[in-house]
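Each chain gets a letter, A, B and so on, in the order the sequences are listed, and its residues count up from 1.
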Amino acid sequence: AAHSSVLGARGFCKRRRSERSSHPSTPKPARGSGKRPRPEEHPPGQPRWQEIRAEGLSCDYRLLFGKAEADEILQQLEEQVEYFEGEMTKVHVFGKWHHIPRKQVTYGDPDLTYTYSGVTFSPKPWIPVLNRIRERVTSDTGHTFNFVVINRYKDGEDHIGEHRDDERELVPRSPIASVSFGACRDFVFRHCASRGKNATCRIKPIKLQLAHGSLLMMKYPTNVYWYHSLPPRKRVLAPRVNLTFRKLMAIAKK
DNA sequence: AGGTAGGCAAGCAC
DNA sequence: GGTGCTTGCCTACC
């Protein structure tokens, strides 16, 4: 019940024209002239997926769950997902300890591990709500996954900085499925060669909005060339729970 | 005021 | 053994 007012606030996804990405070849998922492809209202002839393409970037976006089902899943996630606590909520980089500005946890098949900024995480065993989401992604995409990283952003202050996902433990060329629930948040891709003062090219960042119940498939070689981040959005007051399903190799290469 | 971008912090992997 | 890469915070600047 606490979520209903929050999730009803569809205004979170509405953007002013001036805020839109100016990238010419990029579709604008999760918005547009009232033609948002919600699963419960599939107009025939409307593309099932929205393809996002740029140099070295290949992603597909769609709404995976209708609002009622997404609301139900979010409620279950909020009740049942147990996030890491204590030492595992900190990262040690450049000699300093930082408290990560979000909550995080991993679930997956036993014996798999995932390394994030030098810390190796063991997954918690699968629970039904996560398997429900995982099975939906698999039935829709044909891809299987054995691991999920869950990030919870309590409001617009919580965020994650620019990064690429560690490729070493991923099955080569396997896609990452990013499923979002709760507040719609901006999601930004930046090409690796366009970062910093000594950038060798000026490819513009690509901004997407990841809506409640949506799926973003990040396909090879996106993760090779493009960093992604979830920047702070101070006006967002509601939580967002994001699940990135991955296919990890059974034996970690070190 | 919020969003963006750059500089900065030490240590490990190759 | 030098080089590249790392995440988040702070600051400056619109």
Could you tell me how far apart [X] ([atom1]) and [N] ([atom2]) are, to the nearest whole angstrom?
{"X": "A/L237", "N": "B/dG2", "atom1": "CG", "atom2": "P", "answer": "11 Å"}
{"X": "A/R195", "N": "B/dG7", "atom1": "CZ", "atom2": "P", "answer": "12 Å"}
{"X": "A/Y227", "N": "B/dG6", "atom1": "OH", "atom2": "C1'", "answer": "15 Å"}
{"X": "A/R185", "N": "B/dG2", "atom1": "CZ", "atom2": "P", "answer": "14 Å"}

_Residue that, paired with A/R246, satisfies side-chain contact (heavy atoms from CB on, under 4.5 Å) out of A/V149, A/N146, A/D166_ =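 By the side-chain contact (heavy atoms from CB on, under 4.5 Å) criterion, A/R246 pairs with just one of A/V149, A/N146, A/D166: A/V149.
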
*Applying side-chain contact (heavy atoms from CB on, under 4.5 Å) between A/F245 and each of A/T144, A/V148, A/T138, report the one that passes.*
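When side-chain contact (heavy atoms from CB on, under 4.5 Å) is applied between A/F245 and each of A/T144, A/V148, A/T138, only A/V148 qualifies.
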
*Do other residues, nucleotides or ligands put more than 12 heavy atoms under 6.0 Å from A/K219 NZ?*
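Correct, the count exceeds 12.
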
*If you count the non-hydrogen atoms of other residues, nucleotides and ligands that lie under 6.0 Å from CZ in A/R173, is the total more than 12?*
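Count not over threshold, so no.
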
*First-last contacting nucleotides on DNA chain C - partner chain A, under 4.0 angstrom, heavy atom*: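 Contact span on the strand: C/dT6 to C/dC9.
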
_Atom pair CD1/CD of A/I203 and A/E55 - distance to nearest 0.5 Å_ =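 A/I203 atom CD1 to A/E55 atom CD measures 4.5 Å (nearest 0.5 Å).
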
_Main-chain N/O of A/H159 paired with A/R102 side-chain donor or acceptor, under 3.5 Å_ =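 Side chain of A/R102 to backbone of A/H159, a donor-acceptor pair under 3.5 Å: yes, one is there.
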
*asked:* Check whether A/S214 reaches the backbone of A/A211 with its side chain - one donor and one acceptor, N or O, closer than 3.5 Å.
replied: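 Pair found, side chain donor or acceptor close to backbone of A/A211.
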
*Within the structure, does a side-chain N or O atom of A/R235 lie under 4.0 Å from either OP1 or OP2 of B/dG3?*
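Yes.
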
_Using the side-chain heavy atoms of A/R168, tell me which of these nucleotides is nearest: B/dG3, B/dG6, B/dA13._
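When the side chain of A/R168 is considered, B/dA13 is the closest of B/dG3, B/dG6, B/dA13.
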
*asked:* Could you check whether A/R134 makes a cation-pi contact with A/W126, meaning its NZ or CZ is under 6.0 Å from the centre of the six-membered ring and within 45° of the ring axis?
replied: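 Yes.
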
For nucleotides 9-12 of chain B, tabulate all protein N/O to nucleotide N/O atom pairs closer than 3.5 Å, reporting atom names and distance.
unit_1: B/dA10; atom_1: O4'; unit_2: A/F94; atom_2: O; d: 3.2
unit_1: B/dA10; atom_1: O4'; unit_2: A/G95; atom_2: N; d: 3.3

